[in-house]
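These notes are about the structure you will find just below.
As the structure lists them, so they are numbered: ligands from 1, and atoms in each ligand from 1. Throughout, residue positions are numbered sequentially from 1 according to the sequence presented.
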Amino acid sequence: MIESEQINVTKVFLPKQKEYQEILKRAWDNSWMTNRGELVKELEHKITSTYQTVPVIATTNGTLPLQIAIKALDLTGEIITTPFSYVATTSSIVWEGLTPVFVDIDVDTFTIDPKKIEEKISDKTSAILATHVFGNPCHVEAIEKIAKKHDLKVIYDAAHSFGVRYKGTSMFNYGDVSTCSFHATKIFHTAEGGAVFTNDKRLFNKLFYHHNFGHDGPEQFQGIGINAKMSEIQAAMGLAVWPYLEAIFNRRKLLFELYQELLDSRLRFQSIREHTTYNYSYIPVVFENEAQLLNIQKVLNAHKVYPRRYFYPSLNKLPYLDNQPMPVSEGISKCILCLPLYYELKENQVETISCLINKNLN
Ligand SMILES: *Cc1c(COP(=O)(O)O)cnc(C)c1O
C-alpha cells in the first residue's frame with residue numbers, strides 16, 4: 001500500500017478554526033463561559049427544532065446524564081441492561097450503587113433481545129437501560145410493552161443515535177429518558193459533551209436541578225445535585241460543526257455503502273431495523289471467528305490501518321462484576337471489528353482496506 005498516513009477507526013471532524021473563533025467571540029463579548037449562556041441555549045434550540053425532539057438539557061459529557069437519569073427516576077435495586085455497549089452504560093449503574101442484570105443481545109441487530117428480558121425481571125428490578133447499538137434502534141415497542149406490564153422505567157443510551165429517526169421520529173423521543181454523547185469521536189461533537197432528553201415535565205425539572213448542584217436560584221436548593229453543565233466553549237464547537245452535518249451524514253453513507261459493496265460476503269454486517277433513517281455512525285463487521293479477526297487486524301496494522309475492536313470485551317466480563325454468561329454478546333464481541341469511517345476518509349482508502357481484508361481472509 002502506498003498510504004503513508006495512519007488511518008484510525010475515526011478522525012474528529014473539525015470546522016475551520018476561523019469559524020470556531022467567530023462563534024467563540026460571542027462568549028468573549030458576553031464575558032460568559034458557562035452556566036447556560038446563549039451558546040448552550042442556541043445549541044439546545046437547534047437540536048430540538050431541527051430533529052423535533054422532546055426537551056433537552058445539554059451536558060458536559062454523555063456519561064453524567066446516565067447517572068443523573070438513574071437518580072432522577074429514583075431507581076433502586078436492579079437495572080436490566082445490555083452487555084453489548086460502551087462501558088459507560090454499565091459503569092453508570094454500578095456508580096449509582098445499583099446492580100446491572102444483563103440480558104443477551106439479538107444476533108442480527110446487536111441490541112438487547114426483548115424475548116429474554118422478562119425471565120430476568122425480579123422484585124428488585126426498577127428499570128431497563130438499553131443502548132441503540134451503533135445507532136441501530138432497539139426493539140422499542142417490545143421494550144415499552146414489557147416496561148408497562150412490570151411498571152419499569154426505560155432509559156435509552158442513545159449515545160450513537162444523533163440524527164437517527166425511527167418511524168419518523170427522533171430516537172431521543174423514546175423511553176422515559178434518552179441520553180446522547182457529543183464526544184469528539186461521535187458523529188456530532190462538542191469535543192466533550194452530551195445531552196439528556198425527556199418529555200415528562202416533572203422529570204425534566206429534576207434532571208435540570210440535578211445537573212446544576214440542585215440549585216433553584218442562587219440561594220435555594222431542590223435536593224441534591226452534581227455538576228454536569230455544558231460550557232460555552234463546548235457549545236461553540238457544536239455550533240461550528242452544525243452547518244456541516246448534512247455533508248457529514250452524506251459522506252459517511254457513501255463510504256459505508258462502498259464498504260458493503262466491496263467486502264467479501266463471508267463478513268456479516270449489522271441488520272438495521274426497518275423504518276429507520278440511519279446515521280452511518282459506524283461500520284462494524286463480524287468475522288467468522290476470532291482467529292480470522294486477529295489475523296486481519298495484524299495485516300491492517302502492518303499497513304498503518306487501525307480499526308477498533310468495539311465493543312470488546314462484552315460488559316458481563318468487567319472485572320468488578322459477577323460474570324453472568326452472555327453467549328451471543330461474547331461471541332459477537334470476539335468477532336467484531338469497527339473499520340475506519342470518517343468524513344475525510346477517501347474512497348481509495350476504503351478500497352485499499354477492503355482489498356486487504358478480502359485478500360487475507362482464510
Ligand atoms: C460514547 C458513549 C458513552 C459515553 O459518552 P461520553 O460523552 O464519552 O461520556 C456512553 N454510551 C455509549 C454507548 C457510548 O458510545
Side-chain angles (χ1 to χ4, degrees), residues 8-13 40 43 47 56-70 79 81-96 100 102-103 105 109-112 127-138 140 154-164 171-172 174-175 177-197 207 210-211 226-231 233-235 237-238 241 252 270 278-284 308-316 318 329 332-333 336-338 341-342:
N8 293 321
V9 64
T10 192
K11 184 173 179 183
V12 63
F13 178 88
V40 163
L43 182 64
I47 293 168
V56 67
I57 304 164
T59 55
T60 195
N61 59 47
T63 302
L64 281 163
L66 289 169
Q67 296 173 205
I68 290 171
I70 291 168
I79 297 185
T81 192
T82 175
F84 195 68
S85 183
Y86 184 59
V87 66
T89 317
T90 298
S91 64
S92 297
I93 298 171
V94 180
W95 193 267
E96 291 303 322
F102 292 110
V103 166
I105 57 169
T109 62
F110 309 163
T111 52
I112 195 167
I128 300 169
L129 168 46
T131 301
H132 304 303
V133 177
F134 305 129
N136 193 25
C138 288
V140 288
V154 178
I155 303 173
Y156 285 116
D157 183 339
H160 300 171
S161 302
F162 193 90
V164 178
M171 287 324 293
F172 302 142
Y174 291 93
V177 178
S178 274
T179 65
C180 192
S181 166
F182 305 150
H183 185 262
T185 56
K186 303 296 201 292
I187 200 156
F188 167 71
H189 81 97
T190 57
E192 291 272 5
V196 60
F197 298 82
L207 290 164
H210 280 340
H211 107 293
I226 195 167
N227 180 5
K229 297 185 303 287
M230 178 182 276
S231 76
I233 308 299
Q234 291 171 291
M237 178 58 85
V241 171
R252 297 175 75 106
Q270 182 182 28
Y278 190 50
N279 64 357
Y280 306 92
S281 46
Y282 298 86
I283 177 89
R308 174 144 182 229
R309 298 190 75 177
Y310 195 63
F311 302 111
Y312 181 87
S314 184
L315 296 173
N316 52 305
L318 284 170
S329 176
I332 290 178
S333 279
I336 198 165
L337 204 55
C338 283
L341 182 65
Y342 49 87

Practice prompt. Just jot down the salt bridge (charged side-chain N to carboxylate O under 4.0 Å, His left out) partners of R309, sequence neighbours excluded, or say none.
Written response: E290
Discussion item. I'd like to know if the side chain of T131 reaches the main chain of V133, judged simply by a donor and an acceptor atom lying under 3.5 Å from each other, with no hydrogens or angles considered.
Written reply: no
Worksheet item: According to the interplanar angle, ranging from 0 to 90°, do the rings of F134 and Y310 count as parallel (below 30°), tilted (30 to 60°) or perpendicular (above 60°)?
Response: tilted
Ligand 1: which protein N/O atoms lie under 3.5 Å from its N/O atoms?
residue	atom	partner	partner atom	Å
ligand 1	5 (O)	S181	OG	3.2
ligand 1	7 (O)	G62	N	2.7
ligand 1	7 (O)	S181	OG	2.7
ligand 1	9 (O)	G62	N	3.2
ligand 1	9 (O)	T63	N	3.1
ligand 1	9 (O)	T63	OG1	2.6
ligand 1	11 (N)	D157	OD1	3.3
ligand 1	11 (N)	D157	OD2	2.7
ligand 1	15 (O)	H160	NE2	2.6
ligand 1	15 (O)	K186	NZ	3.2
ligand 1	15 (O)	Y310	OH	3.4

Can you give each donor-acceptor pair under 3.5 Å made by side-chain atoms of residues 187-195, sequence neighbours left out, with the distance rounded to 0.1 Å?
residue	atom	partner	partner atom	Å
H189	ND1	A191	N	3.0
H189	NE2	F13	O	2.7
T190	OG1	E192	O	2.8

Worksheet entry | Contact summary for I93 and P100, nearest pair of heavy atoms | CG2-N, 3.7 Å
Worksheet entry | Partner set under side-chain hydrogen bond (donor to acceptor under 3.5 Å, both in side chains) for N61, not counting sequence neighbours | none
